[in-house]
Number of protein chains: 2
Amino acid sequence: MLQEEVSILLGQKNMSKTPCRVEVLRVLLESGSALSEPDIRSRLNGGFDRTTVYRTLRSFLDQDVIHSISLEGGTVMYAITHQKEKHAELFHSHFFCDDCSKVYCLTKPEFEPPVLPEGFKANGYDLLINGTCNNCS
Amino acid sequence: MLQEEVSILLGQKNMSKTPCRVEVLRVLLESGSALSEPDIRSRLNGGFDRTTVYRTLRSFLDQDVIHSISLEGGTVMYAITHQKEKHAELFHSHFFCDDCSKVYCLTKPEFEPPVLPEGFKANGYDLLINGTCNNCS
DNA sequence: CGTATGTTTGCAACATTGTTGCAGAATAAA
DNA sequence: TTTATTCTGCAACAATGTTGCAAACATACG
Ligand SMILES: [Mn+2]
Ligand SMILES: [Mn+2]
Ligand SMILES: [Zn+2]
Ligand SMILES: [Zn+2]
């Protein structure tokens with residue numbers, strides 16, 4: 001179940017199974033949605049230092065185990081990168097619920113960016129839709 | 001020309017014409033694209049304090065004279081809200097040039113957000129396209 | 001004019017998010 | 001066991017942004 005999934009995620013990326021890494025992954029997997037660093041740290045069993053958590057997040061980001069979502073206002077949320085459909089996950093949009101403030105990864109819809117002015121070439125995008133979520137309507 | 005435009009922007013919002021406000025608007029109007037607070041402050045004539053600039057930006061944000069664009073990585077850019085087409089300006093996308101790092105406001109295309117999962121209702125969005133700009137291709 | 005009131009500014013202090021240097025603890029390799 | 005590598009905690013720092021306070025400035029009113 002959970003322990004399994006953590007081991008798989010770390011194994012796939014050849015990352016050693018350190019206590020902090022295991023805990024951060026557990027918290028993110030259990031939560032299901034994106035969390036900020038303070039969110040994550042407050043849920044860790046074992047009381048890790050802020051620095052250690054940031055270093056763990058950094059290695060996960062470098063290895064694409066997680067990705068970050070920057071909200072307006074500066075808050076940064078971290079979420080597991082589910083690799084079931086590898087390419088689909090690299091480009092995907094996010095949803096912010098104005099009600100419960102949860103952030104969801106939207107993997108389903110292949111959204112097509114708008115037409116750009118003459119001379120502009122798109123390379124990627126970053127879309128955050130806000131509104132009311134599943135759970136709050 | 002420029003002095004005129006500054007006066008009009010401040011007058012429309014019933015804001016007094018203080019030295020710092022005039023300077024910040026001048027810099028933003030002259031630049032044409034979005035700028036960060038350090039960018040702005042380094043171009044001000046008169047050497048204003050960091051705090052004063054932030055307070056000026058805050059009042060401009062509150063009055064919708066400017067709007068902010070949060071880039072991935074945390075940098076926040078500030079740009080004039082052109083009110084020629086009032087409603088069109090409130091919802092618009094932005095373009096980040098991977099080459100010259102300039103940020104452009106995209107007012108033209110009415111982009112349609114992707115279909116959301118059952119139970120999700122969209123209220124707005126925040127789209128940042130990246131690629132190569134006009135000037136760098 | 002002088003005085004009272006309100007606004008702008010600068011400075012110091014603080015909060016938050018994130019990174020880096022360094023040394024000790026824990027793991028893994030030899 | 002000894003050695004080498006990796007994690008972790010602590011302190012320090014940087015960047016962005018906010019707040020409290022007092023001096024400077026502008027406005028209004030007598
Ligand atoms: Mn995501
Ligand atoms: Mn804009
Ligand atoms: Zn919700
Ligand atoms: Zn460019």
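All of these numbers come straight from a predicted model, not from anything done at the bench. Just so it is clear: chains get the letters A, B, ... in the order the sequence lines come, proteins before strands, and each one is counted from 1.
One atom, CZ of A:Arg41, and another, P of D:dT8, lie 14 Å apart when rounded to the nearest Å. One can place CG of A:Asp62 at 13 Å from C1' of C:dT19, the figure rounded to the nearest angstrom. Protein atom CD of A:Glu37 is 10 Å distant from nucleotide atom P of C:dT19, rounded to whole Å. Atom-to-atom, CD of B:Glu72 to P of C:dT17 comes out at 19 Å; the value is rounded to the nearest Å. Atom CG in B:Asp49 sits roughly 16 Å away from atom P in D:dA24 (whole-Å rounding). Counting to the nearest Å, the C1' atom of D:dC7 and the CG atom of A:Leu57 are 15 Å from each other. Distance, A:Asp39 CG to C:dG18 P: 12 Å, rounded to whole Å. Rounded to a whole Å, the CD atom of B:Glu23 is 15 Å from the C1' atom of C:dT9.
Scanning atom types as modelled, no donor and acceptor separated by under 3.5 angstrom connect the side chain of B:Arg50 and the base of C:dG10. Side-chain N/O atoms of A:Arg55 and base N/O atoms of C:dG18 include no donor-acceptor pair closer than 3.5 Å.
For the 3.5 Å distance criterion, the side chains of A:His94 and A:His67 qualify, holding a donor opposite an acceptor. Side-chain N/O atoms of A:Ser16 and A:Arg21 include a donor and acceptor closer than 3.5 Å. When only modelled atom types and interatomic distance are considered, A:Lys17 and A:Ser7 share a side-chain donor-acceptor pair under 3.5 Å.
In terms of phosphate contacts, A:Arg58 brings a side-chain nitrogen or oxygen within less than 4.0 Å of OP1 or OP2 of C:dT19. For the pair B:Tyr78 and D:dG17, the criterion of a side-chain N or O lying under 4.0 Å from OP1 or OP2 is met. Remark: A:Arg21 is in phosphate contact with D:dC7, judged by side-chain N or O atoms under 4.0 Å from OP1 or OP2. Proximity of B:Thr18 to the phosphate of C:dT9: a side-chain N or O atom is located under 4.0 Å from OP1 or OP2. OP1 or OP2 of D:dC7 lies within a sub-4.0 Å distance of a side-chain N or O belonging to A:Ser16. Residue B:Tyr54 places no side-chain N or O under 4.0 Å from the OP1 or OP2 atom of D:dT18.
Tracing side-chain contacts under 4.5 Å through hydrophobic residues (I, L, V, M, F, W, Y), one never reaches A:Leu71 starting from B:Leu128; they form parts of separate clusters.
Two residues, B:Thr51 and B:Cys20, neighbour DNA chain C, and the one matched to the more 5' nucleotide by heavy-atom proximity is B:Cys20.
Applying side chain to side chain contact (heavy atoms under 4.5 Å, CB included) to A:Leu57 and the options A:Val76, A:Thr52, A:Val24, A:Val65 leaves one that passes, A:Val24.
Here B:Gly47 lies in heavy-atom contact (under 4.0 Å) with sugar-phosphate atoms only.
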